[in-house]
Amino acid sequence: MYKLHVSTQQPYDVLVGESLLLQAGALLRRLFPPCRIGLVTDSNVAPLYLQALRSGLEEAGFSCSVFIFPAGESNKNLTNYGQLLSFLARERLSRSDIILALGGGVVGDLAGFAAATYSRGLSWVQLPTTLLAAVDASVGGKTAINLPEGKNLAGAFHQPSLVLCDCSCLQSLGTTQIHDGLAEMLKHGLIADHELFQRLEKGFSLRDLDLAELIYRNVEIKGQFVLCDEQDRGPRQILNFGHSIGHAIEKCSAYAITHGQAVAMGILAEIRAAYRMSMSPIAPEVIESAFALHGLPTSIPFTEEELWNAALRDKKRSGEQIQLTCLQEIGKAQLCTLNLSEFRHFIALGLEE
Ligand SMILES: NC(=O)c1ccc[n+]([C@@H]2O[C@H](COP(=O)([O-])OP(=O)(O)OC[C@H]3O[C@@H](n4cnc5c(N)ncnc54)[C@H](O)[C@@H]3O)[C@@H](O)[C@H]2O)c1
Ligand SMILES: [Zn+2]
């Protein structure tokens with residue numbers, strides 16, 4: 001088992017290994033006395049892992065109130081957030097109780113935001129069940145829901161008390177979900193670790209013997225950015241690589257395109273545009289060949305006008321300017337600022353194949 005200690009203001013451990021779901025009761029008892037757990041999951045994950053998790057938690061002395069909502073990004077919304085808060089109130093959870101998120105990034109974001117806001121904040125634990133949530137959403141304490149006006153527009157920083165990345169839970173993922181996680185892993189390689197990028201470029205499978213180590217390396221990279229800028233006002237924004245255009249793509253597709261696929265398209269567009277505007281020496285072919293090998297997208301199904309309108313609402317914009325991540329070399333990135341008219345040109349160049 002691998003362990004990363006994240007020494008944010010409220011420090012916590014991220015454990016990566018096998019069969020952690022079954023040990024969750026004992027692991028939680030090291031941190032919490034017996035209490036009520038608001039166990040939040042979605043309609044796909046519940047039939048797979050809820051029963052085993054719940055039994056273990058109850059054996060360890062916890063009592064569970066289970067909230068299951070329909071799976072999918074479009075359900076990370078105000079309606080389900082409101083229903084979850086009301087559920088927690090009806091179940092009489094108090095500030096000495098905890099929230100546990102069992103699922104992908106959607107469950108983590110929704111449950112985490114409820115944990116941040118219900119009764120002015122409850123402790124929470126994350127059990128990520130997608131590759132994307134394990135390598136990315138599990139660290140950093142960002143929680144959010146989407147508003148009709150845009151993605152992640154209501155949210156809070158609220159670090160979890162513990163994260164359990166159980167690699168055994170990832171084996172039920174489909175190809176698209178694996179690709180989604182791979183997009184964020186390639187992002188980590190591109191911005192911070194040339195060797196990781198080269199390793200992934202050669203191929204990736206959930207059957208890799210060193211899956212736990214690979215997830216751990218991604219968590220470590222993410223953790224380093226989080227630690228130097230917990231509130232995301234400076235260098236942590238480098239992690240938004242591919243997301244300025246990626247979030248616009250998600251929004252334009254009404255969330256039919258998954259976050260990971262949209263990020264992959266966003267990375268492609270941002271690399272193409274930065275190269276063509278001489279903001280980065282990295283030629284698009286580098287990423288195009290890696291994406292083609294992995295079955296990741298190599299084109300973007302929206303117009304400049306559509307993406308521009310969606311991007312204007314993104315919270316990464318500040319006033320008349322937008323911050324973008326540009327690669328200086330593979331494994332090294334910096335933030336660049338564009339004004340809005342330049343950003344429109346940037347989008348146009350990113351769409352040209
Ligand atoms: N808070 C953060 O730091 C952060 C970071 C990255 C992404 N995100 C957010 O995470 C979301 C994307 O996360 P995601 O890709 O995990 O999406 P997701 O949570 O929607 O999961 C993808 C699909 O996989 C299913 N699923 C989950 N675990 C499974 C398993 N083990 N086996 C089979 N199916 C399973 C889900 O039900 C869903 O249908 C986006 O909303 C994104 O904004 C947040
Ligand atoms: Zn992301």
Side-chain angles (χ1 to χ4, degrees), residues 6 14 21 40-50 52-53 68-77 80 101-113 115-116 124 126-146 150-153 155-160 163 165-188 191 206 218-219 222-223 225-226 230 232 236-237 239-247 249-251 255-267 314-316 325:
V6 187
V14 180
L21 182 111
V40 183
T41 191
D42 75 23
S43 52
N44 290 336
V45 179
L48 297 171
Y49 302 113
L50 178 59
L53 176 63
I68 303 173
F69 67 96
E73 179 74 30
S74 59
N75 295 309
K76 198 177 97 174
N77 60 19
N80 285 314
L102 170 71
V106 164
V107 173
D109 276 8
L110 177 72
F113 188 43
W124 73 298
Q126 258 179 297
L127 217 156
T129 62
T130 62
L131 182 61
L132 185 141
V135 297
D136 187 350
S138 59
V139 197
K142 276 192 188 178
T143 71
I145 54 166
N146 304 326
K151 178 147 169 104
N152 290 342
L153 282 183
F157 288 96
H158 188 47
Q159 303 292 344
V163 180
C165 294
D166 185 343
C167 299
S168 356
C169 294
L170 305 181
Q171 301 303 330
S172 50
L173 292 171
T175 313
T176 308
Q177 295 146 348
I178 296 167
H179 285 167
D180 289 346
L182 187 57
E184 301 277 12
M185 290 161 82
L186 285 165
K187 178 192 81 177
H188 287 152
I191 61 171
L206 282 184
N218 279 273
V219 169
K222 171 103 191 249
F225 282 101
V226 169
E230 217 176 308
D232 200 20
R236 181 172 174 177
Q237 292 175 15
L239 289 167
N240 288 336
F241 186 44
H243 285 61
S244 298
I245 294 183
H247 279 176
I249 292 170
E250 269 188 279
K251 178 78 182 23
Y255 303 111
I257 296 179
T258 61
H259 179 72
Q261 301 285 315
V263 167
M265 292 177 192
I267 288 175
D314 198 89
K315 62 186 173 359
K316 283 181 286 304
T325 300

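Just so you know, ligand 1 is whichever comes first in the structure, and atom 1 is the first atom listed for that ligand.
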message: One pair to check against side-chain contact (heavy atoms from CB on, under 4.5 Å): R236 and K142. What are the steps and the verdict?
response: CA-CA 12 Å; R236 181 172 174 177; K142 276 192 188 178; 3.3 Å; yes

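- Where the criterion is an N or O separation shorter than 3.5 Å, residue side chain and backbone included, V139 fails it with respect to ligand 1.
- Using a 4.0 Å cutoff on heavy atoms, E250 does not count as a contact of ligand 1.
- The nearest heavy-atom contact from the protein to atom 20 (O) of ligand 1 is V106 CG2, 3.3 Å.
- Within the structure, the closest approach of L170 to ligand 1 does not fall below 4.0 Å when heavy atoms are considered.
- Nearest non-hydrogen protein atom to atom 25 (C) of ligand 1 is Q177 NE2, 3.6 Å.
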field: Working for side-chain contact (heavy atoms from CB on, under 4.5 Å), residues H243 and Q237
entry: CA-CA 10 Å; H243 285 61; Q237 292 175 15; over 6 Å; no

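- Counting heavy atoms from C-beta on, the side chains of I267 and V263 come closer than 4.5 Å.
- Considering only non-hydrogen protein atoms, atom 29 (C) of ligand 1 sits nearest to L173 CD2, 3.5 Å.
- Ligand 1 does not have G140 within reach: every non-hydrogen atom of the residue lies 4.0 Å or more from it.
- Look at Q126 and you'll find every heavy atom at least 4.0 Å from all atoms of ligand 1.
- Taking every heavy atom of L48 and a limit of under 4.0 angstrom, the matching atoms of ligand 1 come to 32 (N), 33 (C).
- Between Q171 and L206 there is a side-chain heavy-atom pair separated by less than 4.5 Å.
- Of the N or O atoms in T129, one or more lie within a sub-3.5 Å distance of an N or O in ligand 1.
- Of all atoms in ligand 1, listed by their number and element, those nearer than 4.0 Å to a heavy atom of K222 are 3 (O).
- Side-chain N/O atoms of H259 and E250 include a donor and acceptor closer than 3.5 Å.
- Close approach to D136 involves these atoms of ligand 1, each under 4.0 Å from a residue heavy atom: 5 (C), 6 (C).
- Geometry at the Zn ion (ligand 2): OE2/E184 and NE2/H243 form an angle of 110°, nearest 10 degrees.
- Here atom 32 (N) of ligand 1 lies nearest to S172 when heavy atoms of G181, S172, P128, G105 are compared.
- Near N44, with a cut-off below 4.0 Å to any heavy atom, the atoms of ligand 1 are 36 (C), 37 (O), 38 (C), 39 (O).
- Side-chain N/O atoms of S172 and Y49 include a donor and acceptor closer than 3.5 Å.
- Put simply, the side chain of I68 reaches to within 4.5 Å of the side chain of L50, judged on heavy atoms.
- Atom CG of N80 sits about 9.5 Å away from atom CD1 of I145, to the nearest 0.5 Å.
- Judged by distance alone, the side chain of D166 and the main-chain N or O of L21 form a donor-acceptor pair under 3.5 Å.
- Each of the atoms 36 (C), 37 (O) of ligand 1 lies under 4.0 Å from some heavy atom of D42.
- In terms of protein heavy-atom proximity, atom 7 (C) of ligand 1 is closest to L132 CD2, 3.5 Å.
- With a 4.0 Å cut-off on non-hydrogen atoms, K142 touches ligand 1 through its backbone as well as its side chain.
- Counting only heavy atoms of the protein, atom 8 (N) of ligand 1 lies nearest to D109 OD2, 3.9 Å.
- Remark: minimum distance from atom 41 (O) of ligand 1 to any protein heavy atom is reached at E73 OE1, 2.5 Å.
- Of the polar atoms of V45, none of the N or O atoms is found under 3.5 Å from an N or O of ligand 1, judged by distance alone.
- Atom CG in N146 sits 8.0 Å away from atom CG in D109 (nearest 0.5 Å).
- The closest protein non-hydrogen atom to atom 21 (O) of ligand 1 is T130 CG2, 3.6 Å.
- When only non-hydrogen protein atoms are considered, atom 43 (O) of ligand 1 lies nearest to K151 NZ, 2.7 Å.
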